[in-house]
Participant: 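Before I ask anything, here is the structure I am working with.
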Amino acid sequence: MQSFTETMFDGHTQTLAVEEIIYQQRGVEQDILVFRNPRYGRVMALEGIVQVTEEDEFIYHEMMAHLPIFGHGAVKDVLIIGGGDGGTLRHVLMHPNVQRAVMVEIEPDVITLAKQYFPRICGDAFADKRTQLIIGDGCAYVRDTAEKFDVIIIDATDPVGPGKVLYTPEFYADCKRCLKPGGVLRTHAGMATEQNGPLHETAEHLRKIFTTAQFSLATIPTYMPGPMVFGLSSNNQALFTVPETMLAERLRASGIRCRYYTTALHHACAALPQYVLDILG
Ligand code: SAM
């Protein structure tokens, strides 16, 4: 059987068996590979880095979408930067209160491939009448737009290639300007054991721009090699101390059945081990 090896970090690689190569082309911005793995189902990699798999996407997407939306409690307008596989969009649209989800994705081919090969991940999200899809650079969008959102989710690639601009202080400041009062920015900041420098820098940027930047962990098996760090940044203090009973009521009212998110995990995932606290400063 063929195999796919990801070599993002020096001295640590991840190899996935390839049952079938489904698609392999240069997109507008990135090399795109779609293959089938016996354990994780369909897998999409961009620039040789796994972006999403059918079997473990729920962990990442529920952390990205449900946690900030349940924490906020009254979300109507959501902006997603990146997220071309449609997983975050589908989870955002599960919330009946969400009236509009704008998604700005730089790579049109990722969306085409998501619709064709990853219906389990994107569902009907791209056809939902609340979805507004913009093909373009998310950084330029937040710099230029006058629109305001309750939640902004940065569902981007790593800080290489077109995703690099989405980790800068200027970009985070523009995101803050695009938030309504009480709004919240959701980010993923990198892998806890590998990206110490970028994680530290990201934490510093976010803390300068928002009154609170909280970090939490989740482990997604195909995002090697360990826990991923997520950021939740806002000037709305109440969002970080929502009582669990209130979260439980919001979850019940939404009618959403989660596979990863629980109300107990909502705050508990921000209890960090010492080595991560040290990295984040
Ligand atoms: N879950 C993934 C992860 O952490 O590896 C992210 C998946 S999602 C497919 C990432 C998307 O961000 C890609 O489709 C990529 O094209 C998009 N992207 C990268 N840079 C971007 C930018 N500057 N503006 C908008 N989208 C961008």
Side-chain angles (χ1 to χ4, degrees), residues 6 8-9 14 16 23 25-34 40 42-65 79-92 102-115 117-118 121-122 125-126 132-145 152-168 170-172 174-175 178 186-192 194-195 198-199 202 217-231 260:
E6 181 176 318
M8 191 168 152
F9 303 117
Q14 159 172 263
L16 295 171
Y23 181 93
Q25 288 277 330
R26 176 81 196 159
V28 177
E29 296 280 342
Q30 299 147 107
D31 285 328
I32 307 176
L33 173 66
V34 178
Y40 292 103
R42 289 181 176 169
V43 180
M44 185 188 290
L46 296 178
E47 302 286 83
I49 301 169
V50 171
Q51 299 295 309
V52 74
T53 86
E54 286 182 315
E55 287 302 323
D56 66 0
E57 60 84 26
F58 69 98
I59 305 173
Y60 174 83
H61 290 133
E62 291 190 17
M63 283 290 283
M64 289 298 269
L79 171 65
I80 301 164
I81 304 286
D85 53 63
T88 296
L89 182 64
R90 181 171 71 87
H91 282 84
V92 162
V102 177
M103 189 173 120
V104 186
E105 164 61 58
I106 206 164
E107 185 74 74
D109 293 356
V110 174
I111 296 168
T112 308
L113 292 167
K115 288 183 195 165
Y117 297 118
F118 294 89
I121 292 176
C122 63
F126 292 114
Q132 186 187 335
L133 193 56
I134 297 169
I135 302 298
D137 176 17
C139 187
Y141 176 82
V142 293
R143 188 190 61 217
D144 299 337
T145 188
I152 300 179
I153 301 173
I154 314 304
D155 183 6
T157 43
D158 286 278
V160 286
K164 199 168 177 185
V165 290
L166 307 179
Y167 293 82
T168 60
E170 295 77 16
F171 171 69
Y172 294 137
D174 284 331
C175 285
C178 293
R186 184 59 158 162
T187 49
H188 69 79
M191 307 311 292
E194 294 298 321
Q195 292 170 306
L199 277 172
T202 300
L217 295 182
T219 300
I220 300 108
T222 56
Y223 293 166
M224 62 128 187
M228 176 176 247
V229 181
F230 293 81
Y260 187 79

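Counting starts at 1 for both ligands and their atoms, in listed order. Remember, predicted model here, so these are calculated numbers, not experimental data.
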Participant: Who's the nearest protein heavy-atom neighbour of atom 10 (C) of ligand 1, and how far?
Facilitator: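 Checking every protein heavy atom, the shortest distance to atom 10 (C) of ligand 1 gives D155 O, 3.3 Å.
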Participant: If you have a sec, work out which protein heavy atom is nearest atom 5 (O) of ligand 1 and how many Å separate them, to one decimal?
Facilitator: Q51 OE1, 3.3 Å
Participant: Below 4.0 angstrom from a heavy atom of Q30, which ligand 1 atoms are there? Numbered from 1 as shown, please.
Facilitator: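 Listed by number with element: 15 (C), 16 (O).
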Participant: Less than 4.0 Å is my threshold; does some heavy atom of Y141 fall inside it relative to ligand 1?
Facilitator: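 Y141 does not count as a contact of ligand 1 under the 4.0 Å cut-off.
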Participant: Check ligand 1 against V110 and write out every atom of the ligand that is under 4.0 Å from a heavy-atom position of the residue.
Facilitator: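 Checking each atom against V110, I get 14 (O).
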Participant: Hey, is E57 close enough to R42 for a salt bridge, meaning N to O under 4.0 Å?
Facilitator: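 Result for this pair is no, no salt bridge flagged.
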Participant: Which pair of non-hydrogen atoms, one from L199 and one from A192, has the smallest distance, and what is that distance?
Facilitator: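 Heavy-atom minimum between the residues: CD1-CA, 3.8 Å.
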Participant: So, for F230 and I220, which heavy atoms are closest and what is the spacing to 0.1 Å?
Facilitator: CZ-CD1, 4.0 Å
Participant: Starting from atom 19 (C) of ligand 1, what is the nearest protein heavy atom, named by residue and atom, and what distance separates them?
Facilitator: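 Residue, atom and distance for the closest contact: T157 OG1, 3.2 Å.
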Participant: Does any non-hydrogen side-chain atom of P225 lie less than 4.5 Å from one of E194?
Facilitator: yes
Participant: List ligand 1 atoms under 4.0 Å from H188, heavy atoms only on the residue side.
Facilitator: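 Checking each atom against H188, I get 4 (O).
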Participant: Backbone, side chain, both or neither: what part of L166 comes under 4.0 angstrom of ligand 1, heavy atoms only?
Facilitator: side chain
Participant: With a cut-off of 4.0 Å, which atoms of ligand 1 are near a heavy atom of G136?
Facilitator: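 Taking each heavy atom of G136 in turn, ligand 1 has 24 (N), 25 (C) under 4.0 Å.
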Participant: Mind checking the CG-CD1 spacing from D155 to I81? Nearest 0.5 Å is all I need.
Facilitator: 10.5 Å
Participant: Give the atom numbers and elements of ligand 1 that come within less than 4.0 Å of a heavy atom of L46.
Facilitator: 13 (C), 14 (O)
Participant: Indicate whether any N or O donor in one side chain lies under 3.5 Å from an N or O acceptor in the other, for T112 and D109.
Facilitator: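 There is no such pair between these side chains.
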Participant: Checking side-chain polar atoms at under 3.5 Å, does Q30 have a donor or acceptor matched by the opposite partner on E107?
Facilitator: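 Result is yes, a qualifying pair exists.
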Participant: At less than 4.0 angstrom from any non-hydrogen atom of G138, what atoms of ligand 1 do you find?
Facilitator: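 Numbered from 1, ligand 1 contributes 22 (C), 24 (N), 25 (C).
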Participant: When M103 is tested against each of V92, I111, T88, I153 for side chain to side chain contact (heavy atoms under 4.5 Å, CB included), which residue passes?
Facilitator: I111
Participant: If you measure from each heavy atom of A156 to ligand 1, is any distance below 4.0 Å?
Facilitator: yes
Participant: When you measure from atom 15 (C) of ligand 1 to every protein heavy atom, which one gives the shortest distance, and what is it?
Facilitator: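 Heavy-atom neighbour on the protein nearest atom 15 (C) of ligand 1: E105 OE2, 3.3 Å.
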Participant: Decide yes or no for D85 and C122: does some side-chain heavy atom of the first lie under 4.5 Å from some side-chain heavy atom of the second?
Facilitator: no
Participant: Heavy-atom contacts with D137 under 4.0 Å: which atoms of ligand 1 show up? List them by number with element.
Facilitator: 22 (C), 23 (N), 24 (N)
Participant: Select one of side chain, backbone, both or neither to describe which atoms of I106 lie under 4.0 Å from any atom of ligand 1, heavy atoms only.
Facilitator: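 Both backbone and side chain.
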Participant: Quick check: do Y167 and P198 have side-chain heavy atoms less than 4.5 Å from each other?
Facilitator: no
Participant: What do we get for E29 next to ligand 1 when only non-hydrogen atoms under 4.0 Å count, side chain, backbone, both or neither?
Facilitator: neither
Participant: Flag the pair R26 and D31 as a salt bridge only when some basic side-chain nitrogen lies within less than 4.0 angstrom of an acidic carboxylate oxygen.
Facilitator: yes
Participant: Against heavy atoms of D85, which atoms of ligand 1 measure under 4.0 Å?
Facilitator: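 Numbered from 1, ligand 1 contributes 7 (C), 8 (S), 9 (C).
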Participant: Among G27, P159, G82, which one has a heavy atom closest to atom 12 (O) of ligand 1?
Facilitator: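 Closest candidate by heavy-atom distance is G82.
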Participant: Hey, would you say the H188 and Y60 ring centroids sit under 6.0 Å apart?
Facilitator: yes
Participant: Which protein heavy atom lies closest to atom 3 (C) of ligand 1, and at what distance to 0.1 Å?
Facilitator: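 Residue, atom and distance for the closest contact: Y223 OH, 3.5 Å.
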Participant: Any N or O of D158 that comes nearer than 3.5 Å to an N or O of ligand 1?
Facilitator: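 No.
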